[in-house]
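Here the structure is laid out as structure tokens; the discussion comes afterwards.
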Amino acid sequence: MQETRLSTARIRAARRVIDPVFLDTPLYRCEALEPVLGCTVSIKLETANPVRSFKGRGTEVVASRLAEHGPRAVVCASAGNLGQALAWSGRGRGLDVTVVASRFATEAKLDRIRALGAKLELVDGDHEMARERAAAIARDDGIRLVEDSLDIETCEGAATIGLELVDSVPSFDTVLIALGGGALATGVGHVVKALAPEVEVICVQPEGAPAMTRSWHGRRVVTTDSTDTIADGVAGRCPIPAVLDDLLVVADDAVLVQEASIIAGMRLLLDHAGLVVEPSAALGIAALLEDRDRFAGRHVVTIVCGSNVDMDAYHRWVGR
């Protein structure tokens with residue numbers, strides 16, 4: 001495999017500093033989904049932890065290094081899940097955490113960031129504006145800026161999911177990974193391609209937030225002026241060049257799915273797996289729904305990456 005910014009040795013070392021509460025998450029075959037989707041489906045459940053998303057793996061690596069070497073103050077921009085995770089990891093290590101988010105972010109995510117003791121600053125714009133504000137705070141206050149997907153710790157923390165997949169699942173053919181900034185996709189993709197190169201790595205993004213997928217297909221950074229998707233966790237407009245470079249090495253394909261398919265995927269996960277998930281976590285199921293012929297007869301693993309969802313919105317989408 002061509003080199004990426006990631007190191008398999010560092011990923012193995014990351015497992016030793018991540019709180020075990022985030023590790024070895026449930027992984028199981030969900031037979032109830034299979035008649036609907038036409039393939040063997042295994043679920044990697046990254047919501048069974050205190051912050052209900054995979055992000056805690058990466059923030060544990062970040063916070064452990066800051067606790068050892070400083071500085072003791074840190075800021076990040078977040079659509080909600082990274083902010084919760086950094087607040088949780090920072091609180092346990094005595095770090096001063098500031099999170100910048102859009103005023104229009106999911107309220108349940110914002111409430112949880114506050115409850116975890118982080119300082120929360122809201123901006124009147126989207127996630128890209130929050131990133132700009134977080135960078136300004138870091139520069140003006142001289143504190144550490146955590147940039148999701150750019151900071152290698154966020155990718156290598158997420159990559160520990162890949163170690164668990166290749167160590168646990170026999171003979172799976174495909175892994176479907178939600179694609180936003182790219183930490184999850186590049187992390188898991190790196191491990192899979194290094195240790196199980198025959199497995200197809202497919203990234204999935206909403207049609208309403210296509211920047212990284214368009215960039216992957218064009219092999220250059222493609223930005224968009226806006227996003228229009230319920231999957232707020234992956235709604236970025238400006239891909240990071242270094243992350244795209246890694247993604248080009250580890251991803252076999254990147255696909256876009258419709259909003260209706262995302263909602264249908266959420267409903268299937270509720271009805272057939274008993275899982276309440278946020279839209280980003282249903283992207284893999286949406287991809288299976290939209291291209292059954294492609295996946296027929298395969299054993300597919302999909303990573304259910306988050307369950308921090310506003311329940312009023314969830315009921316509007318999925319029904320009561």
Side-chain angles (χ1 to χ4, degrees), residues 18-28 30 42-63 76-92 97 99 101-102 105-118 120 127 146 148-149 154 157-161 164-165 176-181 183-185 187-188 204 229-235 262-263 265-270 273-286 301-315 317-318:
I18 296 172
D19 190 312
V21 75
F22 294 106
L23 298 174
D24 300 311
T25 50
L27 173 64
Y28 57 93
C30 188
S42 289
I43 287 172
K44 180 63 167 165
L45 189 62
E46 287 298 306
T47 65
N49 61 59
V51 297
R52 293 171 24 180
S53 84
F54 77 95
K55 297 287 189 181
R57 293 179 184 251
T59 59
E60 282 290 282
V61 181
V62 170
C76 74
S78 175
N81 285 346
L82 178 71
Q84 290 180 73
L86 188 60
W88 193 93
S89 297
R91 184 182 65 176
V97 177
V99 179
S102 168
T106 300
E107 192 63 36
K109 295 179 179 181
L110 301 180
D111 288 344
R112 186 61 181 153
I113 291 169
R114 296 185 185 98
L116 287 166
L120 180 63
H127 180 65
V146 174
D148 198 16
S149 303
T154 63
T160 59
I161 298 169
E164 294 167 18
L165 288 178
L176 297 173
I177 310 174
L179 179 59
L184 182 62
V188 174
V204 189
T229 179
I230 62 172
D232 61 303
V234 294
I262 298 171
I263 293 171
M266 295 169 69
R267 188 177 293 116
L268 283 175
L269 286 168
L270 176 63
L275 298 174
V276 175
V277 304
E278 61 187 85
S280 301
L283 287 170
I285 302 298
V301 174
T302 184
I303 301 172
V304 175
C305 56
S307 63
N308 292 295
V309 62
D310 179 88
M311 291 309 299
D312 289 338
Y314 182 84
H315 289 139
W317 297 326
V318 174

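We number each residue from 1, following the sequence as shown.
Annotation: the span from N81 atom CG to N308 atom CG amounts to 4.5 Å, rounded to 0.5 Å. Once rounded to the nearest 0.5 Å, the distance linking CD1 of I303 with NZ of K44 reads 8.5 Å. Between the CG atom of L270 and the CE atom of M266 there is a distance of 9.0 Å, given to the nearest 0.5 Å. Between the CG atom in L165 and the OG1 atom in T160 there is a gap of 10.0 Å [rounded to 0.5 Å]. From L268, atom CG reaches atom CD1 of I285 across 7.0 Å, with rounding to the nearest 0.5 Å. Here the OG-CG distance, from S89 to D19, works out to 8.0 Å after rounding to the nearest 0.5 Å.
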Checklist entry - For V276 and S307, what are the C-alpha separation, side-chain angles and deciding distance, and is it a side-chain contact (heavy atoms from CB on, under 4.5 Å)? => result CA-CA 6 Å; V276 175; S307 63; 5.9 Å; no

Checklist entry - Please walk me through it: do V277 and V309 pass side-chain contact (heavy atoms from CB on, under 4.5 Å)? => result CA-CA 7 Å; V277 304; V309 62; over 6 Å; no

Item to check | Full working for side-chain contact (heavy atoms from CB on, under 4.5 Å) between S78 and L86 | outcome: CA-CA 10 Å; S78 175; L86 188 60; over 6 Å; no

Next on the checklist: Applying side-chain contact (heavy atoms from CB on, under 4.5 Å) to I43 and L275, what does each step give before you reach the verdict?
Outcome noted: CA-CA 11 Å; I43 287 172; L275 298 174; 4.2 Å; yes

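Remark: side-chain polar atoms of T154 are paired, donor with acceptor, to backbone N or O of S149 under 3.5 angstrom. Proximity of a side-chain donor or acceptor of R52 to a complementary backbone N or O of T47 within less than 3.5 Å is not detected. A donor-acceptor pair under 3.5 Å is absent between the side-chain atoms of T106 and the main chain of A108, judged by distance alone. No donor-acceptor pair closer than 3.5 Å links the side chain of R91 to the backbone N or O of A118. At distances below 3.5 Å, at least one donor-acceptor pair connects side-chain atoms of R57 with backbone N or O atoms of F22. Checked by atom type and distance alone, the side chain of N49 pairs as donor or acceptor with a backbone atom of S53 at under 3.5 Å. A donor-acceptor distance shorter than 3.5 angstrom exists from the side chain of T59 to the backbone of A85, with no hydrogens or angles considered. Within the 3.5 Å criterion, the main-chain N or O of E164 finds no donor-acceptor partner in the side chain of D24.
Taking both residues in full, the closest heavy atoms of D148 and A183 are given as OD1-CB, 3.9 Å, listed atom of the first, atom of the second, then distance. Residues A231 and P279 share a closest heavy-atom pair of CA-CB, 3.7 Å. Scanning all heavy atoms of the two residues, the minimum distance from L116 to A87 falls at CB-CB, 3.7 Å. Nearest heavy-atom pair, V188 versus A158, reported as atom, atom and distance to 0.1 Å: CG2-O, 3.8 Å. Listed here is the closest heavy atom pair of A101 and L110: CB-CD2, 3.8 Å. Considering all non-hydrogen atoms of both residues, A79 and A105 come closest at O-CB, 3.8 Å.
Between D232 and K109 the shortest side-chain heavy-atom distance falls below 4.5 Å. No side-chain heavy atom of V234 sits under 4.5 Å from any side-chain heavy atom of L179. Side chains of V204 and T302 form no contact here, defined as non-hydrogen atoms less than 4.5 Å apart. Counting only heavy atoms from C-beta outward, the side chains of E60 and W88 approach each other to under 4.5 Å. Proximity of I161 to L184: side-chain heavy atoms (C-beta onward) are separated by under 4.5 Å at one or more points.
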